[in-house]
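Have a look at the structure below, then the notes.
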Amino acid sequence: MPEWIETELKLGLIGEEAWQLLRARLGPGRVLSQANHFLDRPEGSFRGARIGIRLRAENGDRTLTAKGDSAPSETVLTRRIELESAIDDTTFDRALREGLDLVPWIEGWRESAGAEPEIRDFLDRVEALAAHAPLHC
């Protein structure tokens, strides 16, 4: 499967007891400190298009992520486009304060993802929504 496809399993747990049982069966895991910030236009055009643009700070790392809509599935697994780029602390902090121009990042994703039609179409949609003004939290 291509690197730019995310496959995810999400489970709905009913109550604390179910959570504790699952944790006991999974065993010890690593602990992550994570802060997520979602970017959009004031009118919510990315949300309306079911595209997520996220800045994430996780244990000292900073990433910018663009996620597409989930592909229809008959299972509990979801599959969707997910493109990520490392982002330096200064740019990350400025984006939180002043907004983020997404267009340069789109060009980087185009270069790294190649000519896959699915990725190209997704990035065309993102670019159309991102043009002309920065995105804000």
Calculate, to the nearest 0.5 Å, the distance between atoms [atom1] and [atom2] belonging to [X] and [Y] respectively.
{"X": "H136", "Y": "L100", "atom1": "NE2", "atom2": "CG", "result": "9.5 Å"}
{"X": "L22", "Y": "L26", "atom1": "CG", "atom2": "CG", "result": "4.5 Å"}
{"X": "R50", "Y": "R80", "atom1": "CZ", "atom2": "CZ", "result": "9.0 Å"}
{"X": "R47", "Y": "I53", "atom1": "CZ", "atom2": "CD1", "result": "13.0 Å"}

Verdict with supporting geometry, I119 and L83, side chain to side chain contact (heavy atoms under 4.5 Å, CB included): CA-CA 9 Å; I119 241 345; L83 302 170; 3.6 Å; yes

Hey, is [atom1] on [X] packed in by over 12 heavy atoms from elsewhere, all under 6.0 Å?
{"X": "I14", "atom1": "CD1", "result": "no"}
{"X": "R25", "atom1": "CZ", "result": "no"}
{"X": "E98", "atom1": "CD", "result": "yes"}

For the residue pair [X] and [Y], what are the closest heavy atoms and their distance?
{"X": "R41", "Y": "L135", "result": "NH1-CD2, 3.5 Å"}
{"X": "G68", "Y": "F122", "result": "CA-CE1, 3.4 Å"}
{"X": "G99", "Y": "P134", "result": "C-CB, 4.0 Å"}
{"X": "S45", "Y": "D40", "result": "N-OD1, 3.3 Å"}
{"X": "E127", "Y": "I106", "result": "CA-CD1, 3.6 Å"}
{"X": "W109", "Y": "S85", "result": "NE1-OG, 2.7 Å"}

Using a 4.5 Å cut-off on heavy atoms from C-beta on, say whether the side chain of [Y] contacts that of [X].
{"X": "T65", "Y": "E82", "result": "yes"}
{"X": "L102", "Y": "L39", "result": "no"}
{"X": "L55", "Y": "N36", "result": "no"}

Side chain N59, main chain Q34, donor-acceptor under 3.5 Å: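 A pair under 3.5 Å: no.
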
Cluster check F38, L64: I/L/V/M/F/W/Y, side chain < 4.5 angstrom: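 Per the 4.5 Å side-chain linkage, F38 and L64 are not co-clustered.
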
Check against salt bridge (Lys or Arg N to Asp or Glu O under 4.0 Å), R23 and E16: CA-CA 11 Å; R23 290 289 298 152; E16 183 67 22; over 6 Å; no

Under 4.0 Å between a Lys/Arg side-chain N and an Asp/Glu carboxylate O for [X] and [Y]?
{"X": "R110", "Y": "D124", "answer": "yes"}
{"X": "K67", "Y": "E84", "answer": "no"}
{"X": "R62", "Y": "D88", "answer": "no"}

